[in-house]
Protein chains: 2
Amino acid sequence: MRPTGRVTIGDVARSAGVSVATVSKVINDRYGVAPETSARVHEVIADLGYESSIVARSLRSRRTNVIGILVAEFEPFSTELLKGISEAVEETGYELLAYSGGLRRDDRIGWEQRYLSRLAGTLIDGAILVTPTVVAPDGSIPVVAVDPHRGPSGPPTVDSDNVAGARAATEHLVALGHRRIGFLGGRPDLESARLREQGYREALGAAGIPVDPDLLRVGGYRADLADLPAHELLSLPDRPTAVFAANDLSAIRTMEVARELGLRVPDDVSVVGFDNVPESALTDPPLTTVSQPIHRMGAEALRMVVDLVEGRPRDAHLRLPTSLVVRGSTRAL
Amino acid sequence: MRPTGRVTIGDVARSAGVSVATVSKVINDRYGVAPETSARVHEVIADLGYESSIVARSLRSRRTNVIGILVAEFEPFSTELLKGISEAVEETGYELLAYSGGLRRDDRIGWEQRYLSRLAGTLIDGAILVTPTVVAPDGSIPVVAVDPHRGPSGPPTVDSDNVAGARAATEHLVALGHRRIGFLGGRPDLESARLREQGYREALGAAGIPVDPDLLRVGGYRADLADLPAHELLSLPDRPTAVFAANDLSAIRTMEVARELGLRVPDDVSVVGFDNVPESALTDPPLTTVSQPIHRMGAEALRMVVDLVEGRPRDAHLRLPTSLVVRGSTRAL
DNA sequence: CGACGTGTCGAAAACGTTATCGACAACGAT
DNA sequence: ATCGTTGTCGATAACGTTTTCGACACGTCG
């Protein structure tokens with residue numbers, strides 16, 4: 001009489017000769033069960049290797065002690081964040097559940113709402129949304145957004161100083177003597193992409209270099225979406241001598257495209273990225289990039305959401321500093 | 001009458017003037033509902049932004065279309081694997097749920113059993129266990145183990161050729177003229193750690209170099225656990241001129257320890273790692289290491305578990321090749 | 001005109017757990 | 001003796017779904 005291998009609380013109850021209710025009390029050590037009974041039940045639990053089903057438990061009671069990380073895809077930025085979150089969770093007693101649906105290309109928008117409705121209220125007590133495009137936290141559970149679509153407004157937020165980082169990257173190229181500097185943008189629906197472009201423009205403006213619209217291309221923070229604009233940029237009649245890509249994945253692809261076109265990096269074209277994911281050091285030459293403190297961002301986001309879950313008020317927004325990491329993909333003109 | 005923000009199937013039913021059962025049928029488009037009714041329900045669903053709760057759904061029905069990745073901790077190896085899995089999942093229509101409890105130091109053993117009982121049967125249709133220590137897949141759901149505690153036996157498995165990789169690493173050091181080569185081991189309960197030590201021994205044997213037990217230390221694949229043995233190794237009166245660490249995290253810590261002790265890498269001591277996680281290229285100098293095809297391992301593990309879930313038979317074990325990546329942390333004696 | 005299929009729907013049970021509340025016994029105080 | 005108190009336990013109702021099955025209203029066929 002056990003179709004599935006699962007051992008339920010009912011099995012334990014039967015085997016221990018008590019009711020399901022009593023077993024439940026023992027597990028959550030609620031008041032009102034005799035020490036001997038408790039001992040016996042514990043014994044049976046160990047014997048049968050019973051472990052309560054998160055699903056059933058969370059369906060019934062609101063608290064689950066699980067924090068959800070909702071992410072469109074496990075790419076380098078998300079996974080770096082995950083590492084930071086994972087480090088920070090150890091002290092808290094919470095568990096982590098990173099969720100990613102198999103998204104089709106077209107419904108990459110609004111996924112955070114769907115995931116949230118699917119998991120919130122049941123299964124998770126709070127959520128960290130990574131690069132969400134829609135805000136509208138419908139109040140069901142506490143939510144912290146990392147790198148959200150519209151800067152610090154709406155839900156609590158952790159991000160980094162995108163403008164300053166982008167400015168530093170562009171100034172670095174300017175200081176190397178570059179004047180035709182291409183910009184390969186990020187996801188247009190993300191605030192960070194907008195801010196990085198802003199930093200780029202500011203730096204050019206400060207250096208007295210006019211912005212050539214022809215050198216502005218829009219990517220999408222993903223390698224495949226960076227491919228075409230990178231090609232366009234590097235095939236221009238009056239080719240830019242440097243490209244600032246809005247994130248590392250785009251920058252890495254840009255370097256690949258350059259090689260395909262017979263261009264050497266950094267001799268023929270300099271490339272700068274943004275994020276400083278570990279992969280950026282693996283390239284040949286290693287990528288010059290803007291470092292975001294991704295681990296810290298994850299850790300802070302976790303602390304934030306835990307505080308909110310436990311009813312402690314928090315400052316709504318946290319912005320961490322960025323810094324330029326000069327490696328081998330840039331060179332003086 | 002909505003204490004939580006959650007909109008349930010009941011709300012939809014009421015709002016559409018039909019029964020819950022009908023709504024359920026519409027959602028899962030079962031046969032037996034009039035087109036007009038279906039249209040009306042769909043409208044209400046869109047209106048209210050309803051999304052069915054995974055928890056409740058999976059509690060009732062066996063299938064969830066979710067694959068679980070069970071991991072003790074999100075460290076570089078797991079997250080690289082996750083990327084590979086994530087890439088492979090897109091074609092399949094499954095969703096991913098990476099789960100990691102906040103494990104205390106002491107109960108790092110047997111976690112896979114507990115996680116499995118907690119999630120299996122409900123919530124996930126199949127699971128990928130990353131570096132599990134205990135086998136015993138109690139038949140509840142299909143399970144694939146990556147880098148398991150006891151090589152290819154028991155549950156289906158994906159791993160890489162640890163012996164050949166370790167031999168290549170050690171031979172590389174031997175070829176550079178090193179004869180006193182330390183070995184900083186991995187988690188003793190993992191087959192991969194045993195095999196990497198075996199490869200080390202084989203290479204030394206083939207080169208006619210006796211194995212000095214004093215140069216064999218046991219770590220645990222984690223930076224903190226590598227700290228002490230690395231110190232011991234590098235503080236030996238007759239210090240080894242090279243260290244082969246059983247994974248990159250240990251190797252990276254070994255380089256840090258060397259620096260603390262005033263030793264230069266690779267001038268005073270060469271260091272080789274294992275895994276080739278992206279972080280290994282970030283170090284100064286960049287780490288020479290054995291490359292495992294981690295992304296491919298993840299992708300293959302996913303395909304394997306999906307096949308098993310859908311009832312297609314699979315070869316039980318898959319072993320992928322390794323290769324040496326020579327970077328800057330090794331030098332001729 | 002009765003029998004029977006067909007299409008459409010809802011009532012109700014089930015999944016595994018937790019929470020509430022009443023039942024019951026034992027016991028000390030009045 | 002009676003009454004309340006305390007300690008222990010179990011029935012039972014939820015939680016939000018899916019699934020089974022029967023009810024009902026039509027047509028259609030003999």
Side-chain angles (χ1 to χ4, degrees), chain A residues 1-14 16-41 45 48 50-66 117-125 140-141, chain B residues 1-14 16-41 45 48 50-66 117-125 140-141:
Chain A
M1 186 43 222
R2 190 144 323 121
T4 162
R6 179 152 202 63
V7 31
T8 77
I9 198 176
D11 299 328
V12 175
R14 208 169 314 121
V18 296
S19 77
V20 214
T22 304
V23 177
S24 175
K25 281 177 202 156
V26 170
I27 293 170
N28 308 78
D29 35 44
R30 297 259 169 286
Y31 170 81
V33 41
E36 316 86 67
T37 315
S38 174
R40 185 154 36 94
V41 171
I45 288 180
L48 269 49
Y50 168 75
E51 193 79 26
S52 83
S53 155
I54 289 198
V55 171
R57 178 216 303 267
S58 63
L59 181 57
R60 175 60 221 235
S61 54
R62 290 261 161 262
R63 277 298 285 273
T64 61
N65 262 16
V66 177
S117 336
R118 246 137 104 169
L119 304 179
T122 56
L123 204 48
I124 57 177
D125 292 341
S140 50
I141 57 170
Chain B
M1 191 44 222
R2 185 136 335 114
T4 160
R6 178 152 202 66
V7 29
T8 77
I9 199 177
D11 299 330
V12 175
R14 207 168 316 121
V18 296
S19 78
V20 229
T22 304
V23 177
S24 175
K25 282 177 203 155
V26 170
I27 293 171
N28 308 80
D29 34 46
R30 296 261 169 286
Y31 171 82
V33 40
E36 315 86 69
T37 315
S38 173
R40 184 155 34 95
V41 171
I45 288 179
L48 269 49
Y50 168 76
E51 193 80 23
S52 82
S53 156
I54 288 197
V55 171
R57 177 216 303 266
S58 63
L59 180 57
R60 176 57 221 234
S61 52
R62 291 254 160 265
R63 276 298 285 273
T64 61
N65 261 17
V66 177
S117 342
R118 244 135 108 167
L119 304 179
T122 55
L123 204 48
I124 57 178
D125 293 341
S140 51
I141 57 170

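Fair warning: this is a prediction, and the values are worked out from it, not measured in the lab. These numbers come from the heavy atoms of this one structure, side chains and all, not from hydrogens, waters or symmetry mates.
- Distance CD1 (B:Ile124) to P (C:dC15): 20 Å, rounded to an integer number of Å.
- Spacing between atom CD of B:Glu51 and atom P of D:dT17 amounts to 10 Å, rounded to whole angstrom units.
- When heavy atoms are screened at a 4.0 angstrom cut-off, A:Ser52 is found touching the sugar-phosphate backbone but no base atom.
- For residues 28-37 of chain A, proximity to DNA chain C is found at A:Asn28, A:Arg30, defined as any non-hydrogen atom under 4.0 angstrom from a strand atom.
- Distance A:Leu123 CG to D:dT17 P: 13 Å, rounded to the nearest Å.
- Rounding to the nearest 0.5 Å gives a distance of 9.0 Å between CZ of A:Arg62 and CG of A:Leu59.
- Residues passing the side-chain hydrogen bond (donor to acceptor under 3.5 Å, both in side chains) test with B:Thr37: none are found, sequence neighbours excluded.
- Across the protein-nucleic acid pair, A:Arg14 atom CZ and D:dG10 atom P stand 14 Å apart, rounded to whole Å.
- For the residue pair A:Val20 and A:Gly10, the shortest heavy atom distance occurs at CG1-N, 4.3 Å.
- The minimum heavy-atom distance linking B:Val12 with B:Val7 is given by the pair CG2-CG2, 4.5 Å.
- Here C:dG16 presents its C1' atom at 6 Å from CG of B:Leu59, a figure rounded to the nearest Å.
- Under the 3.5 Å distance criterion, the side-chain polar atoms of A:Ser58 are matched with a main-chain donor or acceptor of A:Val55.
- Listed pair B:Thr22 / C:dG10 meets the phosphate criterion, a side-chain N or O lying under 4.0 Å from OP1 or OP2.
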I'd like a list of close polar pairs between nucleotides 20-26 of chain C and the protein, N/O only, cut-off under 3.5 Å.
none

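- Minimum heavy-atom separation, B:Ser52 to A:Arg118: O-CG, 3.2 Å.
- Contact record, B:Tyr50 with B:Thr8: CE1-C, 3.5 Å, taken as the closest heavy-atom pair.
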Residues 22-34 of chain A side chain polar contacts: donor-acceptor under 3.5 Å, at least two apart:
residue : atom : partner : partner atom : Å
A:Thr22 : OG1  : A:Ser19 : OG           : 3.1
A:Arg30 : NH1  : A:Asn28 : O            : 3.1

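- When the nearest nucleotides of DNA chain D are assigned to A:Ala56 and B:Val20 by heavy-atom distance, the more 5′-ward of the two goes with A:Ala56.
- When distances run from any side-chain atom of A:Tyr50 to the nucleotides D:dT18, C:dT17, C:dG16, the shortest one goes to C:dT17.
- Set against C:dT17, D:dG16, D:dT17, the side chain of A:Thr8 has C:dT17 as its closest nucleotide.
- How far CD1 of B:Ile54 is from CG of B:Asn65: 10.0 Å, rounded to the nearest 0.5 Å.
- Among the atoms of the strands shown, base atoms are found under 4.0 Å from some heavy atom of A:Ser24.
- B:Val18 comes within contact range of the sugar-phosphate backbone alone, with a heavy-atom separation under 4.0 Å but no base atom that close.
- Annotation: side-chain hydrogen bond (donor to acceptor under 3.5 Å, both in side chains) contacts of A:Thr64 (sequence neighbours excluded): A:Asp125.
- Across the protein-nucleic acid pair, B:Arg62 atom CZ and D:dT17 atom C1' stand 14 Å apart, rounded to whole Å.
- Residue A:Ile141 holds its CD1 atom at 4.0 Å from CD1 of A:Ile124, rounded to the nearest 0.5 Å.
- Recorded end-axis angle for the helix from C:dC1-D:dG30 to C:dT30-D:dA1 stands at 70°, based on five pairs per end and rounded to 10 degrees.
- For the OP1/OP2 pair of C:dT18 and a distance below 4.0 Å, the side-chain nitrogens and oxygens of A:Ser61 include no atom meeting the criterion.
- Rounded to an integer number of Å, the gap from B:Ile54 CD1 to C:dC15 C1' is 16 Å.
- Rounded to a whole Å, the CZ atom of B:Arg57 is 22 Å from the P atom of C:dA14.
- Residue B:Ser19 places at least one side-chain N or O closer than 4.0 Å to OP1 or OP2 of C:dG10.
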Problem set entry | Verdict with supporting geometry, A:Leu123 and B:Leu123, side chain to side chain contact (heavy atoms under 4.5 Å, CB included) | CA-CA 10 Å; A:Leu123 204 48; B:Leu123 204 48; 4.1 Å; yes

